[in-house]
Amino acid sequence: ETGVTQSPTHLIKTRGQQVTLRCSSQSGHNTVSWYQQALGQGPQFIFQYYREEENGRGNFPPRFSGLQFPNYSSELNVNALELDDSALYLCASSMRLAGGFPYNEQFFGPGTRLTVL
Amino acid sequence: QKEVEQDPGPLSVPEGAIVSLNCTYSNSAFQYFMWYRQYSRKGPELLMYTYSSGNKEDGRFTAQVDKSSKYISLFIRDSQPSDSATYLCAMSNNYGQNFVFGPGTRLSVLP
């Protein structure tokens with residue numbers, strides 16, 4: 001069984017640029033959630049994708065957008081980067097059953113550390 | 001007031017000590033309560049999950065939820081240096097669509 005992988009590991013961008021982060025979900029999982037974790041803070045929910053559709057969004061502006069592909073891998077895109085976007089971006093995958101159980105364990109990847117200069 | 005509060009520490013204990021980690025929350029709709037462990041430069045890994053109020057034990061770890069007080073705890077018995085990490089509580093009120101995390105408590109277990 002393959003775990004959650006993310007790429008790249010580290011990234012340095014300048015203010016105003018755009019960035020794309022990638023996540024491969026754990027084998028058999030159909031749901032991907034993205035989180036932003038600032039230094040010394042807990043992860044903050046950005047959004048979740050279930051079967052290629054956005055299935056919930058946290059308090060993040062529209063310049064944070066995402067995609068989920070038929071193989072359930074996912075991308076997080078951030079436009080017009082700001083200094084405060086510097087953080088660890090975490091992807092978590094889970095298996096949500098139709099009609100399903102109320103709780104689905106999320107498995108986290110190692111994260112992509114983004115630095116905005 | 002933040003939705004989930006957690007003492008950031010750092011908390012230092014000697015090896016073998018019992019560790020108590022706590023979170024308080026304000027949203028009474030939370031039903032699922034999780035504890036994650038995060039090592040430096042790694043993603044969080046799930047330690048325990050509890051539904052509604054009650055206790056749950058797994059090896060050296062015990063999770064307690066008191067919904068009436070909006071208070072959850074994680075106890076670590078016979079703590080080991082390998083337990084040194086940041087411990088995050090997280091909560092959700094539905095399918096795990098939106099986990100709300102606490103800021104984490106940094107724990108050091110000294111040999």
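In what follows, chains are A, B, ... by sequence order, proteins preceding strands, each numbered from 1. Everything numeric in this text was worked out from a predicted model, so none of it was measured.
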Check: Between A:Phe64 and A:Gln36, is any pair of side-chain heavy atoms under 4.5 Å apart?
Finding: yes
Checklist line | Heavy-atom contact with chain B under 4.5 Å, split by part of A:Gln44 | finding: neither
Next item on the list: Please report the shortest heavy-atom distance between B:Tyr49 and B:Tyr32, naming the atom on each side.
Entry: CE1-CD2, 4.2 Å
Note to self: Only pairs of heavy atoms separated by less than 4.5 Å count here; which of B:Gly43, B:Cys89, B:Pro8, B:Pro44 has the most with chain A?
What the structure shows: B:Pro44
Item checked: A:Gln37 versus B:Gln38, side-chain donor and acceptor atoms under 3.5 Å -> yes
Note to self: Quick check: under 4.5 Å, non-hydrogen atoms only, which of residues 13-23 of chain B neighbour chain A?
What the structure shows: none
Note to self: Can you tell me how the ring of B:Tyr36 sits relative to the ring of B:Phe101, calling it parallel under 30°, perpendicular over 60° and tilted otherwise?
What the structure shows: tilted
Notebook entry, point to check: Looking at side-chain heavy atoms only, is the closest gap between A:Thr20 and A:Val78 below 4.5 Å?
Noted result: no
Note to self: With heavy-atom distances below 4.5 Å as the criterion, would you say the side chains of B:Ile72 and B:Met91 are in contact?
What the structure shows: yes
Next item on the list: Report the residues that fulfil salt bridge (Lys or Arg N to Asp or Glu O under 4.0 Å) with A:Arg113, sequence neighbours left out, ordered by chain and then residue number.
Entry: none
Notebook entry, point to check: Within residues 79-93 of chain A, which positions have a heavy-atom distance to chain B below 4.5 Å?
Noted result: A:Leu88, A:Leu90
Item checked: Side-chain donor-acceptor pair present, A:Ser33, A:Gln48, cut-off under 3.5 Å -> yes
Note to self: Let's go through A:Tyr35 and A:Gln106 carefully: what are the C-alpha distance in whole Å and the side-chain angles of both, what is the deciding distance for side-chain hydrogen bond (donor to acceptor under 3.5 Å, both in side chains) to 0.1 Å, and is it a yes or a no?
What the structure shows: CA-CA 12 Å; A:Tyr35 292 84; A:Gln106 295 194 1; 3.1 Å; yes
Check: Just checking heavy atoms, which of residues 76-86 of chain B are less than 4.5 Å from chain A?
Finding: none
Checklist line | Partner chain B: residue of A:Gly111, A:Pro43, A:Ala38 with the largest heavy-atom pair count (under 4.5 Å) | finding: A:Pro43
Next item on the list: Check whether the side chains of B:Tyr51 and B:Gln31 place a donor and an acceptor atom closer than 3.5 Å, and report yes or no.
Entry: yes
Notebook entry, point to check: How about A:Pro110 and A:Gln6: do any of their side-chain heavy atoms sit closer than 4.5 Å?
Noted result: yes
Note to self: Please find the pair of heavy atoms, one from B:Tyr87 and one from B:Gln6, that lie closest to each other, and give the distance.
What the structure shows: O-NE2, 2.7 Å
Margin query: Do A:Tyr49 and A:Glu75 have side chains that approach each other closer than 4.5 Å (heavy atoms only, starting at C-beta)?
Written below: no
Check: Looking only at heavy atoms, which two atoms of A:Arg57 and A:Pro62 are closest? And how far apart?
Finding: NH2-CA, 3.7 Å
